[in-house]
*Asks:* 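Let me give you the structure first, and then I'll get to my questions.
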Protein chains: 2
Amino acid sequence: MTEGHTVKENAKERLKSATLYEDMGFLLTRSRAVWVARDRAFFAEFGLNGRLYAVLSLAASGENPTQRELADFLRLDASQIVALIDDLEQRGYVERRSSPTDRRTNIIVATDAGRQVHGEARAAARDGEQSMGPSLNAEDRATLLALLQRVAFEE
Amino acid sequence: MTEGHTVKENAKERLKSATLYEDMGFLLTRSRAVWVARDRAFFAEFGLNGRLYAVLSLAASGENPTQRELADFLRLDASQIVALIDDLEQRGYVERRSSPTDRRTNIIVATDAGRQVHGEARAAARDGEQSMGPSLNAEDRATLLALLQRVAFEE
DNA sequence: TATTGTTATACTCTATAACTATA
DNA sequence: TATAGTTATAGAGTATAACAATA
């Protein structure tokens, strides 16, 4: 039993000698999976997931994004934004406001309820990161954030 | 036209003021999407995708992993490993060898052809990163890699 | 009893194409 | 002609449950 556990952990360490352990694509994939699996629990408390949270966050930013701008920023197809907005709108968290200058475009803004939920979900995720997150100090965290911002928005 | 492009880019910059731009989960998700979209072209040349490449890479590592060990290292369910190995085995890139000490377990090893393809795919991805990748210098890249290794394997 | 590999299933995410109404 | 939003569809990725063989 304890031996089994030890063997399994040793295997995990052993495989770190593989070239894959230096592969950026693999590390980004595994890091993201670990991170969102933890976030999921905190967001589920508010009926949200990562994508709904992201849209709500931008809607609550005060920048009045259009659906197209949401799609570009989140790197999702415009068709996916439709379903996400539909969902949040039905719950009364965001509103579609037609632009006064271009009747094709919708401006997405968070309602009071939407801002409230976003604030609570954000706090829950932040607290969760502190209690269960990786052992990154403030400096490491800021460094990682800055590097990811460059990779994420290079295209 | 050029104005439209400018407006769109400004919107993207404008939304960076949102709290989401500091959100680790979002940045990991977007970084991964950007990275694997680029990798996809290089891997497709060899009939591979990110997950097949990862399994092949571990099979070619010389560490003789079992299917269970592959699942743990890649953070995939054991049932997903079955299909990936089936695929690679049919192409003659890996073999299932039953363990001499435990008849339940399969040890996965790359064939000569598998090692060959893995080497070529790895070189193509590396070259592609240099020509199309983010403007990270060697130090930034190493820093990012080390931080991601910690996040990816914290659990 | 517990673990390895396996099959099956459902759900989410992602990628594409085509349509409409406006510009 | 081009763009914003929408609908539809198929494929890839992910999460769970259950089973047979073996430990």
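Note that these values count all heavy atoms, side chains included, but never hydrogens, waters or copies made by symmetry. Computed from a predicted model, the values in this text were never measured in an experiment. All chains are named by letter (A, B, ...) in the order of the sequence lines, taking the proteins before the strands, and each is independently numbered beginning at 1.
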*Asks:* Identify the residue among A:R122, A:R141, A:R38 that makes a salt bridge (Lys or Arg N to Asp or Glu O under 4.0 Å) with A:E129.
*Replies:* A:R141

*Asks:* Check this for me: does any side-chain nitrogen of one of B:K16 and B:E13 sit under 4.0 Å from a carboxylate oxygen of the other?
*Replies:* yes

*Asks:* Would you say the rings of A:F73 and A:F153 are close, in the sense that their centroids are separated by under 6.0 Å?
*Replies:* yes

*Asks:* With hydrogens left out and only the distance checked, is there a donor-acceptor pair under 3.5 Å joining B:T66's side chain and the base of C:dT4?
*Replies:* no

*Asks:* Tell me the interatomic distance from A:L70, atom CG, to D:dA4, atom P, rounded to whole angstroms.
*Replies:* 12 Å

*Asks:* Minimum heavy-atom separation for A:G128 and A:F42, please, with both atom names.
*Replies:* CA-CZ, 3.3 Å

*Asks:* How long is the line joining CZ of A:R30 and P of D:dG13, in whole Å?
*Replies:* 17 Å

*Asks:* Assign each of B:N49 and B:D77 to its nearest nucleotide of DNA chain D by heavy atoms, then name whichever residue's nucleotide is nearer the 5' end.
*Replies:* B:N49

*Asks:* Could B:R68 and B:D72 be called an ion pair, given the rule that one side-chain N must be under 4.0 Å from one carboxylate O?
*Replies:* no

*Asks:* Identify, residue by residue, the members of residues 84-111 of chain A with a heavy atom below 4.0 Å from DNA chain C, and return them in order of residue number, or none.
*Replies:* A:D102, A:R103, A:R104

*Asks:* Can you figure out which of D:dG5, C:dT6, D:dT16 approaches the side chain of A:V82 most closely?
*Replies:* D:dG5

*Asks:* For B:R38 and C:dA15, what is the distance between atoms CZ and P respectively, to the nearest whole Å?
*Replies:* 15 Å

*Asks:* List the steps and the verdict of salt bridge (charged side-chain N to carboxylate O under 4.0 Å, His left out) for B:D86 and B:R96.
*Replies:* CA-CA 9 Å; B:D86 284 348; B:R96 282 178 165 94; 3.0 Å; yes

*Asks:* When the distance from CG of B:D72 to P of C:dT4 is rounded to whole Å, what number comes out?
*Replies:* 8 Å

*Asks:* What integer distance in Å separates B:Q67:CD from C:dT4:C1'?
*Replies:* 8 Å

*Asks:* Give the rounded distance in Å between these two atoms: CZ of A:R51 and C1' of C:dC13.
*Replies:* 6 Å

*Asks:* Mind calculating the distance between CG (B:L74) and P (D:dA15) to the nearest angstrom?
*Replies:* 13 Å

*Asks:* Under a 3.5 Å cutoff, is there a donor and acceptor pairing between the side chains of B:R32 and A:T29?
*Replies:* yes

*Asks:* Expressed as a whole number of angstroms, how long is the span from B:L48:CG to D:dA12:P?
*Replies:* 14 Å

*Asks:* Out of C:dG5, D:dG5, C:dA17, which nucleotide sits closest to the side chain of B:R68?
*Replies:* C:dG5

*Asks:* Heavy-atom nearest nucleotide on DNA chain C for B:Q80 versus B:A37: which residue maps closer to 5'?
*Replies:* B:Q80

